[in-house]
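Below you'll find the structure, written out as C-alpha cells, and then a few comments.
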Amino acid sequence: MKKVIVIGGGVGGMTAAHELAERGYDVHLYEARASWGGKARSQPVPGTGTGGRADLPGEHGFRFYPRFYKHVIDMMERTPVPGGTVAGRLKPTTESAIALIDQDTWFRFHRRKLDRPYDVLEALELFFQTLDFDAADLALFGLKVLQFLTTSDARRVGELDDVSWWDYLQGDRYSPKFQRQLRAVPRTMVAMDPKRGSARTIGTVSMQLILDYASSGVTNDRTMGGPTTEAWLEPWRARLVAAGVTLHAGQTCVGLDVASGRIAGARFAGAAAAVTGDHYVLALPLDVAHGLITPALAALDPVLARLRGASLDDLVSWMVGIQYFLYEDVPLVRGHIFYPDSPWALTSISQPQFWRDGGLFRTRWGDGSVGGLISVDVSDWDTPGLFVNKPAKACTRDEVAREVWAQLKAALNGDTAEEQVLDDALLHSWHLDADLDYGGGVPPVNASRLLVHPPGAWAVRPEAVTAVPNLVLASDYVRTHTDLASMEGACEAAKRAVNGVLERDGAMAGGRVPIHPLEEPAQFERWKRLDAGLFAAGKPHLFEVMRLDQAFVAADLLRRFATVTGLARVDDLLDRVRLTEVVDGLLRRIGLDR
C-alpha cells in the first residue's frame, strides 16, 4: 500500500484524502489548525453557549453553492449523515435582493424558471427589471455578454485573460449608475474587482451566474442548512476516518525537503524528523504554498519557479466575513443581498431561516437570547468607509464592525419608523473572521487571502500535476475549469491531483476521478467554432469585425430567436434571416465546416 502525505486540511486536502483513501492508499492528512475545513470551517465564539447550547457560530464567510458547483456537491453526496447525505442539508435560496445606500431602498428578486432556457438577455432583464437602467446600458451589456458566449476558448485564454473584465465590457461607456452595478456583481461570489480581474475569469463565472437564472429556477443557488462544521465538515471528517485516513491536527508544515529530483520529506514544526511518503499533495492556500517553494524545489519545475517569482500582492486580495448576532431574527429575503454602492462591497444573508431543521436558533446556540444572525462578506478593504472614513485595513476590529453595521442600516432602513429594518437595539454581539490577526495592531495580518485572477495570472498558475515526480497540488490557485477562488475550485483541483497520482502509479483500472467542465448553451457552439478560426487567423471576434450597429443587429437577432412565432430553436431563426448561411460560409472559408 502506497503512502500519501496530504498537507492542508481544507476542502482541497479533505477531497484528496477522501478520493485516495477510497482507492486503497495509506493517507495521512496534516492540518495546522485544530479544526478541519480551512476557510470553510465554522468559528464558534468561545464562551457564548450556555445551558447545553453550542457557542454562537462564527465563520470566515457565508456558504454559497451555485448551480455550477458539481465537485463539492459530489463529495457531499458521498458523505453520509443520519437519514441521507450532506447534500440533503443544502437549502435552496428562492430570492435575492439589491440594497442601495444612496436611495434608502432595496429591491427583491424572486427566482423563477424561464420557459426559454437559453434566452440570455431575458435572464438579464429578470435580474435588472426593477432597477430602471437605461436601455442603452442594457443593450451594450447584452451585446458584450453574447460576444463572450460566442467567443472560443482559444481566444478567452489567448486574448481575454490579458485584459480586465471592465475593459472588455467597455465599462467607461456606461452610465454611472450601471457602472456601479458592473463593479458590484462579481463581488457577490468572490473579492474580484472587474477593473482588476481578468475578462476570461470573471466573464466565465458571470456567464454561469446569468445562465442560472434562465435554466434552473429556484434551485440555482443554495446555502447550508446549519453551521458548516456541524452540517458538513464534521460528518466528512468522520467519513475520512472510517475510510482509513490518519488525521494529524495542529501540525504546521515548515518545509519540503528535496533530494534526487523529488520530494524527500515534509517537515512539521516541533517534529524531530521529516515525514516521508510515496506521494505528497500540497493543499495549502497560495500565501502558504508560495513560502514553501524553495529555490531547490523551483529548480525542478519551471512553472513553480514562475509562481515563486510572482508578486503575491498582485495576485491576492481580501474577502473577510463578519457576523451580527441579533436578539430577534430579521429574515430580510430568502437568499443573498448585495449592496452595489457600498464602499466596502458588502454581501449578506440572514441564516437562521435556513437552519430550522433542528429547532429555533435560540434553542440551539448561544445563551438563549440570540434569535437572529446576519452574515456579511466584506470584499473591499482598501476604500474608505462612509462613517469611519478609513479603509477597512486601517480600522480596528471595533471600527470594522461599526462601519459595516452602519452601511447595512443605511442600505436597508427607510426614512420612517415603520421602515427601520435594523436598529441598534437588535444587536446582541458580532464576530469578525478569526483569520484576521490584530496581534501586531493595524493593519491586521490576513491568513486567508484569496486569488483574484488579475490579467495574465493564468500564465503564472500551475496545473495540479507538477513536474516534480511525486508532488501534486490541490488548492484553488491551480488551473481548473472552475477557475475561482472557492471551495469548488479547491475541490476540482484536488480531484485533478488525485488523477495525477493514479496515473503516475498506473492505477487507473478503476477509472479517473470525474472532472466536470462548466456548461454553456450548445446553441453557441457554431459561433465559437467560427471565432476559433478567426482567432487562429489573427482576426478579431465577428462582433468586432462588424460595425457596432451591425453587431447590435446580430445580437438582437439572437435575443429574439425564442420569441418569434413558431421558432423554438436558434437555428430556425438563423435560417430565416440567412445568418446561418453567412456563418457557414465563413466556416468553410477558414476550413472549419467539417
Side-chain angles (χ1 to χ4, degrees), residues 59-66 91-112 124 126-133 177 180-192 206 209-210 212-213 218-225 319-326 328-355 361 371-380 385-387 392 400-401 403-414 419-423 426-427 430-431:
E59 57 192 351
H60 164 73
F62 56 70
R63 304 278 73 86
F64 174 60
Y65 306 91
K91 304 296 181 182
T93 63
T94 55
E95 299 174 307
S96 61
I98 292 174
L100 300 173
I101 292 174
D102 67 355
Q103 294 186 24
D104 293 327
T105 188
W106 45 299
F107 304 90
R108 186 188 307 256
F109 299 89
H110 295 275
R111 306 188 191 281
R112 63 181 178 87
L124 292 176
L126 171 66
F127 191 74
F128 294 135
Q129 61 185 341
T130 63
L131 296 179
D132 193 29
F133 284 118
K177 181 179 179 181
R180 186 174 60 194
Q181 190 73 18
L182 292 180
R183 295 200 66 179
V185 169
R187 288 169 168 159
T188 63
M189 288 204 60
V190 293
M192 285 199 292
S206 295
L209 295 176
I210 289 169
D212 280 349
Y213 276 87
V218 299
T219 63
N220 58 315
D221 72 67
R222 295 145 290 181
T223 189
M224 186 57 72
M319 186 177 193
V320 178
I322 184 170
Q323 292 77 51
Y324 292 95
F325 300 104
L326 311 177
E328 299 297 335
D329 190 23
V330 181
L332 299 175
V333 300
R334 193 166 177 82
H336 302 89
I337 303 177
F338 67 100
Y339 305 79
D341 58 352
S342 161
W344 287 5
L346 306 183
T347 317
S348 72
I349 187 169
S350 300
Q351 290 178 316
Q353 62 186 316
F354 301 101
W355 292 6
F361 187 95
L373 164 59
I374 298 177
S375 187
V376 185
D377 281 353
V378 183
S379 295
D380 190 330
L386 295 174
F387 305 94
V400 170
E403 173 69 22
V404 174
W405 181 249
Q407 289 185 31
L408 292 178
K409 290 193 297 181
L412 296 173
N413 291 347
E419 296 174 314
Q420 300 303 295
V421 178
L422 299 179
D423 63 67
L426 274 173
L427 184 58
W430 50 268
H431 167 81

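- At least one donor-acceptor pair closer than 3.5 Å links the side chain of Asp341 to the backbone N or O of Ile101.
- For the atom pair Phe64 CZ and Thr347 OG1, the distance stands at 9.5 Å (nearest 0.5 Å).
- Here the closest non-hydrogen pair linking Ala99 and Leu412 is CB-CD2, 3.9 Å.
- Side chain of Glu328 to main chain of Gly372: no donor-acceptor pair is present (N/O by atom type, distance under 3.5 Å, no hydrogens or angles).
- When atom types are taken as modelled, the side chain of Trp344 and the backbone of Asp377 share no donor-acceptor pair closer than 3.5 angstrom.
- To the nearest 0.5 Å, atom CD1 of residue Ile98 and atom CZ of residue Phe338 are 3.5 Å apart.
- Nearest heavy atom pair, residue Gly225 against residue Trp355, reads C-CD1, 3.3 Å.
- Partners of Ser375 according to the side-chain contact (heavy atoms from CB on, under 4.5 Å) rule, which considers only residues two or more places apart in sequence or in another chain, are Glu59, Phe62, Gln323, Ile349, Gln351.
- Nearest heavy-atom pair, Pro331 versus Gln353, reported as atom, atom and distance to 0.1 Å: O-NE2, 3.1 Å.
- Counting only distance, with no hydrogens or angles, the side chain of Asn413 and the backbone of Val421 share a donor-acceptor pair below 3.5 Å.
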Intermediate values then yes/no, side chain to side chain contact (heavy atoms under 4.5 Å, CB included), Ile374 and Leu422
CA-CA 11 Å; Ile374 298 177; Leu422 299 179; 3.8 Å; yes

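- Remark: Trp405 pairs with Tyr324 by the ring-ring contact (aromatic ring centres under 6.0 Å, His included) rule, at least two apart or across chains.
- For Phe361, the ring-ring contact (aromatic ring centres under 6.0 Å, His included) test picks out Trp365, with sequence neighbours left out.
- Within the 3.5 Å criterion, the main-chain N or O of Lys91 finds no donor-acceptor partner in the side chain of Thr223.
- Under a 3.5 Å cut-off, the side chain of Glu95 and the backbone N or O of Gly335 do not form any donor-acceptor pair.
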